[in-house]
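Below is one structure, written out as structure tokens; the observations come after it.
Here is the naming used below: chain letters follow the sequence lines, and residue numbers restart at 1 for every chain. Just so it is clear, the model here is predicted, and its values are computed rather than measured.
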2 protein chains.
Amino acid sequence: MAGIADVAARAGVSKATASRALSGSGYVSEDTRVRVRAAAEALGYVPSAGAVGLATGRTQNIGVVMPYVNRWFFAEVLEGIQQTLLTHGLDLTLYDAKPGTTGRARIFGDFLARKRFDGLIAVGLDPADHELDQLTQIGRPIVSVVGAGDQASIVAVDDDSAARRATQHLITLGHTDIAFLGGGDRGGTQWAHVDQQRLAGYRRSMEEAGLAEFERHIASDVTLPGGYAVAADLLGDTRGRPTGIVAVCDEVAIGAIIAARRLGIAVPSALSIVGIDDHEFAEMFSLTTLQQIPREQGAAAVELLLAEIADPARPRTRELMHARMIVRTSTASPSV
Amino acid sequence: MAGIADVAARAGVSKATASRALSGSGYVSEDTRVRVRAAAEALGYVPSAGAVGLATGRTQNIGVVMPYVNRWFFAEVLEGIQQTLLTHGLDLTLYDAKPGTTGRARIFGDFLARKRFDGLIAVGLDPADHELDQLTQIGRPIVSVVGAGDQASIVAVDDDSAARRATQHLITLGHTDIAFLGGGDRGGTQWAHVDQQRLAGYRRSMEEAGLAEFERHIASDVTLPGGYAVAADLLGDTRGRPTGIVAVCDEVAIGAIIAARRLGIAVPSALSIVGIDDHEFAEMFSLTTLQQIPREQGAAAVELLLAEIADPARPRTRELMHARMIVRTSTASPSV
DNA sequence: TTGAAAGCGTTACCAG
DNA sequence: CTGGTAACGCTTTCAA
């Protein structure tokens, strides 16, 4: 409970000097600096965050809003953010804003308005229009990881391109009957922006290859069990079974692989599956995929945000990362 | 940016009265209360958290420390905590303290010392002795979800009993050669306390049933791929293959199921597997398991913590939840 | 029932 | 290079 006054007294200086010595800002003789530091150390002095915040206007805290925390991508981004903030000595306040919940409404209405942070990172938030308004009302820098809009800086992977390359990979292997699995409006969850972009990439590729007639999108929850369920349906019917599947993400792709195995459909000889993400399970299922590294996106978002906090006039940025293709053995040429 | 002074001015009262009217503490005539409220509303007044904290000593913020955020159990607990805090209007500051990292050291050394929270929830932390010291130094109420010790209140499932019932389930079905899969010291990660308790429960059951000779523990990372890897090894060898497996948790159990399927070993006719958790994938794999509901543990931890914050003299509590057995079709009597 | 004023623990400005 | 002092925005006695 020692305050800066105690430290100052012990070091035989004024509070002002003690403050300067400790924070490193302003002139202090090397001599007194050492003395003050020692006093602080001896007393186990820890500055009161609230007081510092009041005086400086900086909370030393970053807010993070995301719709889920239990899905791979989000958890990874969160870890990336957390780790990076740690090196900067900043705290992280988490807001779990699940779409369509009253909790989300409260977060947007009350919590964010409190501005208990110097900046905000929004991960895959897909804010509704009025939510977007509330966000900009805050008047603090915002960086979004994934997402659309030009209000805030964005860090993301090029989803459209990733989906196109995934699709082209199958086309190059000789597939024509390629379905796109996952995403869409189901059970009240809205069609996520990323998912739409990926679907669009698939569509474009199919059309460019003259395969428009084969285009089809099978909606699902964007989870592993979700992918499993619709894949089981799709693959259960022998007629109309595609030879290739582009999944909206690895979780869905893996669900499909598990479904295929259960049905005795050999992957890749009878069915090729490609995902997007490079999920932690991808290797175990030998899944060919387009890799993104969410941790790095989280880290990049933090650096970007800190830059914008330091210089609010800094222009908005859009940092698109490139997904690297990792070919494993879930894809092959279709058997004749 | 409107402050309470502005609100007071607009309502024609003093700051003191405005404060009372808004916070609801102290006498204020119904009339002025309404007037103040209206003024606050009109001005879009939001109290400054830092200032409130300085004046009251309460941060309206709860800290959460956990070693992982990307594993099912932890993510679920986190959601439970978050949701409950939301209803109380409290913020949540997250500290991701992965074992053996320098980040963890910083969290325990610097971050927690700042006390930017009114109380702390430690989830599956298994703190080392010196970390435990640092934790108690903080001087704020702490509740731990899972874990040992008597310094803090605890919310947990009865792991020992859960593991015993899982084991007994297999024994009752007629199994004798039952292995315990998962957990242990591997790759630097320390033997988690929960895992040890579950192993102990398995051991006790085996011994009580006179099956001590069959006892064996196969270590693994406590993840789905971790379970897959060791199960593939274990089951690949026809001799010495057990007829039953008790997994340290559902993730490991599911990894084992996937491995068994790949090896063409029928579950449950050739191999019974039981897990603990009721993971989100459990249903999809028809896994028999002992259910715990981490969300509820998170919620319970919050309520407990708030009670201790309100009354610091409140005695420490230990809230053991009962795991319910859910029998699906991953277990059956061994074929003769 | 209300208001004035004294903190809460820092930082930052302005003299010295 | 250092010290006094006024903020920062709110709550909370203490009087009135």
Side-chain angles (χ1 to χ4, degrees), chain A residues 1-37 39-40 43-61 89-91 110 113-118 139-140 309, chain B residues 1-37 39-40 43-61 89 91 110 113-118 139-140:
Chain A
M1 289 301 296
I4 199 169
D6 304 308
V7 175
R10 191 177 220 268
V13 298
S14 69
K15 284 195 322 182
T17 306
S19 173
R20 272 177 246 138
L22 259 20
S23 68
S25 68
Y27 294 104
V28 182
S29 75
E30 189 50 35
D31 193 48
T32 52
R33 182 193 312 285
V34 172
R35 218 146 21 89
V36 172
R37 289 255 165 91
L43 266 42
Y45 168 72
V46 178
S48 145
V52 174
L54 241 200
T56 61
R58 288 239 179 295
T59 62
Q60 308 293 1
N61 185 77
L90 299 170
D91 273 339
D110 305 348
R114 290 187 199 155
K115 307 190 235 235
R116 300 181 72 157
F117 39 77
D118 300 327
R140 292 257 188 293
I309 290 172
Chain B
M1 290 297 298
I4 199 170
D6 304 310
V7 175
R10 191 176 221 268
V13 298
S14 70
K15 286 195 320 181
T17 308
S19 174
R20 272 175 244 140
L22 259 20
S23 69
S25 68
Y27 292 105
V28 181
S29 74
E30 188 52 33
D31 192 49
T32 53
R33 181 191 315 284
V34 172
R35 218 146 22 89
V36 172
R37 289 254 165 91
L43 265 42
Y45 167 72
V46 178
S48 147
V52 174
L54 244 199
T56 61
R58 288 238 178 296
T59 62
Q60 308 292 1
N61 185 76
D91 272 339
D110 306 346
R114 290 188 199 155
K115 307 189 233 237
R116 299 180 74 156
F117 39 77
D118 300 328
R140 293 256 187 293

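Proximity of A:Ser19 to the phosphate of C:dT11: a side-chain N or O atom is located under 4.0 Å from OP1 or OP2. Remark: B:Ser29 is in phosphate contact with C:dT2, judged by side-chain N or O atoms under 4.0 Å from OP1 or OP2. Considering only side-chain N and O atoms, B:Ser48 lies nowhere under 4.0 angstrom from the phosphate OP1 or OP2 of D:dG9. Between A:Thr32 and D:dT2 there is a side-chain N or O to OP1 or OP2 distance below 4.0 Å. Using a 4.0 Å cut-off, no side-chain N or O of B:Tyr27 falls inside it from OP1 or OP2 of D:dT12. Contact annotation: A:Thr17 reaches the phosphate of D:dG3 (side-chain N/O to OP1 or OP2, under 4.0 Å).
The side chain of B:Ala55 has D:dC10 as its nearest neighbour among C:dT2, D:dC10, D:dT2. Closest to the side chain of A:Val52, from the set C:dA4, D:dT2, C:dT10, is C:dT10. Nearest to the side chain of A:Ala16, among D:dC10, C:dT10, C:dA12, sits C:dA12.
Taken to the nearest 0.5 Å, the CG atom of B:Asp91 stands 4.5 Å off from the CZ atom of A:Arg116. Within the model, atoms CG of A:Leu54 and OG of B:Ser48 stand 5.0 Å from one another, a figure rounded to the nearest 0.5 Å. For the atom pair CZ of B:Arg33 and CZ of B:Arg20, the computed distance is 11.0 Å after rounding to the nearest 0.5 Å.
Look at CG on A:Leu22: it is 11 Å from C1' on C:dT10, rounded to the nearest Å. One can place CG of A:Asp6 at 9 Å from P of C:dG9, the figure rounded to the nearest angstrom. Distance B:Tyr45 OH to D:dG9 P: 10 Å, rounded to the nearest Å. Computed from coordinates, the A:Lys115 NZ to D:dG9 P distance equals 12 Å when rounded to whole Å. The CG atom of A:Leu54 sits 6 Å away from the C1' atom of D:dG9 (whole-angstrom rounding). Rounded to whole angstrom, the span from the CZ atom of A:Arg58 across to the P atom of D:dA7 amounts to 22 Å. Computed from coordinates, the A:Ile4 CD1 to C:dG7 P distance equals 19 Å when rounded to whole Å. In this structure, A:Gln60 atom CD and C:dT10 atom C1' are separated by 12 Å, rounded to whole Å.
Heavy-atom nearest nucleotides on DNA chain C were determined for B:Glu30 and for A:Ala18, and the one closer to the 5' end corresponds to B:Glu30. The residue among B:Arg20 and B:Val46 whose nearest nucleotide of DNA chain D is located toward the 5' end is B:Val46. Each of B:Arg35 and B:Thr56 lies near DNA chain C, and the nucleotide nearest B:Arg35 is the one positioned closer to the 5' end.
Partner B:Tyr45 forms a side chain to side chain contact (heavy atoms under 4.5 Å, CB included) with one of B:Val36, B:Asp6, B:Leu22 and no other, that one being B:Leu22.
The shortest heavy-atom contact between A:Lys115 and A:Thr59 is O-CG2, 4.3 Å.
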